[in-house]
Amino acid sequence: MKEYKGVPMDPHMFDHLIGKGRGAQNMPYTWRDVSLYALGVGAHITDELYFYERCKGGMKALPTFALIPYINNLTMNTITPIPEGTNEFVRDHMEQLLGFMPNGLHMAMDIVIDGPIDAYKGTFVVKDRLNNVLDRGEGKGTVADCAMEVWDIAGRHVATLHSYHYNDAFGGFGGEPFQALKLSYPDRKPDYETTEFMVENIAAIYRLCGDTYNVHVDTAYAQSCGYEKTFIMGLCTYGFATRILIQQVMPYQPERVKHISAQIRSLCFPGQDVTVQTWKAEEGTLYFKMTDSDGRLLLGNGLMEYEV
């Protein structure tokens with residue numbers, strides 16, 4: 001029998017966690033939450049319809065606002081001391097087995113938007129679950145496949161989230177193999193290219209939306225986990241890119257977005273330029289990637305689908 005750090009492994013070692021969730025929860029919000037989220041993913045002073053409640057024509061919510069309940073404790077009706085997603089079921093179990101918490105990172109996010117998001121006031125009703133624990137192979141860790149359904153207070157479906165979390169432990173346990181989405185980018189220059197500056201305090205702003213893991217703002221803690229310094233939340237980078245994509249192709253029409261998927265490939269540090277390169281694969285479908293000022297790939301295999 002294979003072992004990881006003295007712990008026996010087998011293909012069914014995570015089966016008791018599959019399907020587990022936290023039950024239905026509510027997240028009431030107002031225009032202030034929508035505004036804060038937009039500012040937390042880099043909205044500019046000229047983007048007033050994302051943050052100004054009295055703007056001409058009315059406020060609009062970015063589509064990725066629907067993922068705020070996913071890692072959240074500040075605005076949910078069930079308050080926990082730290083953010084608590086379904087990926088924590090896996091990490092807590094690994095800690096029990098090993099006696100320590102393995103390092104882990106948010107690996108990818110996929111969101112399908114089905115309904116409108118009221119930018120002024122509403123309540124998200126959410127239900128999450130752990131779909132699976134996937135095997136990346138010996139020495140390559142595991143991936144928690146997590147999902148969340150989001151409805152509005154009237155029971156209309158708003159979004160489906162699929163999130164993938166890497167843990168650097170128990171690779172090769174024999175579970176279902178992890179298969180990452182791989183896009184074939186067109187062999188030509190991008191149709192759109194946008195460079196923007198990520199301000200130094202962007203993580204401090206974004207965490208107020210609910211993603212309060214201290215590794216993003218506490219330098220000493222980040223270094224104790226083996227990181228050089230604090231870094232931006234993967235979902236912040238994801239939202240930052242989504243906002244730019246909308247401006248590239250359909251300025252200030254976030255309601256047209258129906259699907260966004262991307263892999264988080266590298267840690268993103270604040271206080272630098274980032275660049276989003278975008279290709280039109282076909283009408284209504286974009287492929288994109290985001291790099292930092294050193295050319296490091298931050299987001300890869302990016303896909304956005306939208307109403308034509």
Side-chain angles (χ1 to χ4, degrees), residues 1-24 66-67 69-71 83-114 126-150 157 159-185 213 233-235 237-238 259-267 287 289 297-305:
M1 179 177 290
K2 290 185 177 181
E3 293 186 352
Y4 177 81
K5 296 189 181 298
V7 178
M9 298 192 298
D10 71 78
H12 303 290
M13 64 184 298
F14 298 110
D15 283 3
H16 65 291
L17 300 175
I18 307 306
K20 188 175 180 181
R22 296 173 299 167
L67 59 76
Y70 180 71
I71 297 181
E84 188 177 281
T86 45
N87 63 301
E88 299 298 341
F89 297 146
V90 179
R91 290 176 58 74
D92 289 345
H93 182 57
M94 288 182 174
E95 184 176 26
Q96 290 174 4
L97 293 174
L98 296 169
F100 64 89
M101 182 72 77
N103 276 344
L105 291 169
H106 207 152
M107 191 175 188
M109 174 59 82
D110 182 290
I111 179 171
V112 176
I113 305 293
D114 289 332
V126 303
K127 193 171 183 179
D128 59 9
R129 65 183 180 274
L130 176 67
N131 283 336
N132 209 343
V133 179
L134 303 169
D135 193 347
R136 296 188 74 226
E138 189 170 352
K140 297 180 180 179
T142 56
V143 176
D145 171 2
C146 307
M148 175 177 278
E149 302 294 340
V150 183
H157 196 259
T160 297
L161 317 179
H162 271 100
S163 191
Y164 300 87
H165 296 261
Y166 166 73
N167 292 290
D168 66 350
F170 296 105
F173 75 94
E176 182 180 338
F178 173 69
Q179 295 182 333
L181 172 68
K182 292 187 178 181
L183 300 177
S184 296
Y185 290 91
Y213 285 107
M233 303 78 162
L235 292 185
T237 310
Y238 179 88
H259 179 209
I260 317 140
S261 178
Q263 295 168 0
I264 302 162
R265 302 301 299 272
S266 301
L267 299 183
Y287 292 170
K289 62 177 66 173
L297 184 62
L298 301 175
L299 296 178
N301 290 308
L303 170 70
M304 177 183 279
E305 295 176 301

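All of these numbers come straight from a predicted model, not from anything done at the bench. Side chains are part of it too, since the values below use all heavy atoms of this structure and drop only hydrogens, waters and symmetry mates.
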J.: Return the minimal non-hydrogen interatomic distance between Val112 and Asp110, and the atom names on each side.
T.: CG2-OD1, 3.9 Å

J.: In Å and rounded to the nearest 0.5 Å, what is the CG to NE2 distance from Leu17 to His93?
T.: 5.5 Å

J.: Answer yes or no: are there more than 12 heavy-atom neighbours, outside Arg265 itself, under 6.0 Å from its atom CZ?
T.: no

J.: Ile113 and Ala66: which non-hydrogen atoms are nearest, and at how many Å?
T.: CD1-CB, 4.4 Å

J.: Going by heavy atoms in the side chains, are His165 and Arg91 under 4.5 Å from each other?
T.: no

J.: Do His259 and Ser261 get their side chains close enough for a donor-acceptor pair, meaning under 3.5 Å?
T.: no

J.: Tell me, do Asp92 and Met101 make a side-chain contact under 4.5 Å, heavy atoms counted?
T.: yes

J.: Which pair of heavy atoms, one from Ile260 and one from Tyr238, lies closest together, and at what distance?
T.: O-OH, 2.7 Å

J.: Determine the minimum heavy-atom distance between Asn167 and Gly104, stating which atoms define it.
T.: OD1-CA, 4.1 Å

J.: Without swapping roles, check the side chain of Asn301 against the backbone of Leu183 for a donor-acceptor pair under 3.5 Å.
T.: yes

J.: Would you find a donor on one side and an acceptor on the other, under 3.5 Å apart, between the side chain of Asp168 and the backbone of Gly141?
T.: no

J.: Just by distance, do the side chain of Asp135 and the backbone of Phe173 share a donor-acceptor pair under 3.5 Å?
T.: yes

J.: Could you pull out the closest heavy-atom pair between Leu134 and Pro177, with the gap in Å?
T.: CD2-O, 4.3 Å

J.: Determine whether Ile264 and Thr237 make a side-chain contact, defined as any pair of heavy atoms from C-beta on separated by less than 4.5 Å.
T.: no

J.: Let me confirm one number: the CG-CG distance from Asp145 to Leu130, rounded to the nearest 0.5 Å.
T.: 7.5 Å

J.: Can you tell me how far CG of Leu235 sits from CG of Leu161, rounded to the nearest 0.5 angstrom?
T.: 9.0 Å

J.: Looking at Gly174 and Pro11, what are the two nearest heavy atoms and their distance?
T.: O-CB, 3.5 Å

J.: Give, for atom CG of Leu67 and atom NE2 of His162, the distance between the pair rounded to the nearest 0.5 Å.
T.: 14.0 Å

J.: Could you tell me whether the side chain of Ile71 reaches within less than 4.5 Å of the side chain of Met233, counting heavy atoms only?
T.: no

J.: Applying side chain to side chain contact (heavy atoms under 4.5 Å, CB included), run through Met107 and Phe178 and close with a yes or a no.
T.: CA-CA 12 Å; Met107 191 175 188; Phe178 173 69; 3.6 Å; yes

J.: Under 3.5 Å, side chain of Tyr164 to main-chain N/O of Ala180, donor-acceptor pair present?
T.: no

J.: Determine the interplanar angle of the His106 and Tyr70 rings, folded into 0 to 90°, and report it as parallel if under 30°, tilted if 30 to 60°, perpendicular if over 60°.
T.: tilted

J.: Run the side chain to side chain contact (heavy atoms under 4.5 Å, CB included) check on Thr86 and Arg129 step by step: do they pass?
T.: CA-CA 6 Å; Thr86 45; Arg129 65 183 180 274; 5.5 Å; no

J.: Should the heavy atoms of other residues, nucleotides or ligands under 6.0 Å from CD of Glu3 be counted, would the total exceed 12?
T.: yes

J.: Keeping Arg22 on the side-chain end and Glu84 on the backbone end, is there a donor-acceptor pair under 3.5 Å?
T.: yes

J.: Is it the case that the side chain of Asn87 and the backbone of Ala144 share a donor-acceptor pair, with hydrogens and angles ignored and the cut-off at 3.5 Å?
T.: no

J.: CD of Glu95: more than 12 outside heavy atoms within 6.0 angstrom?
T.: yes

J.: Can you find a pair of side-chain heavy atoms, one from Met94 and one from Phe14, that are under 4.5 Å apart?
T.: yes

J.: Calculate, to the nearest 0.5 Å, the distance between atoms NZ and OH belonging to Lys140 and Tyr166 respectively.
T.: 10.5 Å

J.: Going from CG on Leu97 to CZ on Phe170, what distance comes out if it is rounded to the nearest 0.5 angstrom?
T.: 4.5 Å

J.: Check whether any side-chain N or O of Asp10 sits under 3.5 Å from a backbone N or O of His12 as a donor-acceptor pair, and report yes or no.
T.: yes

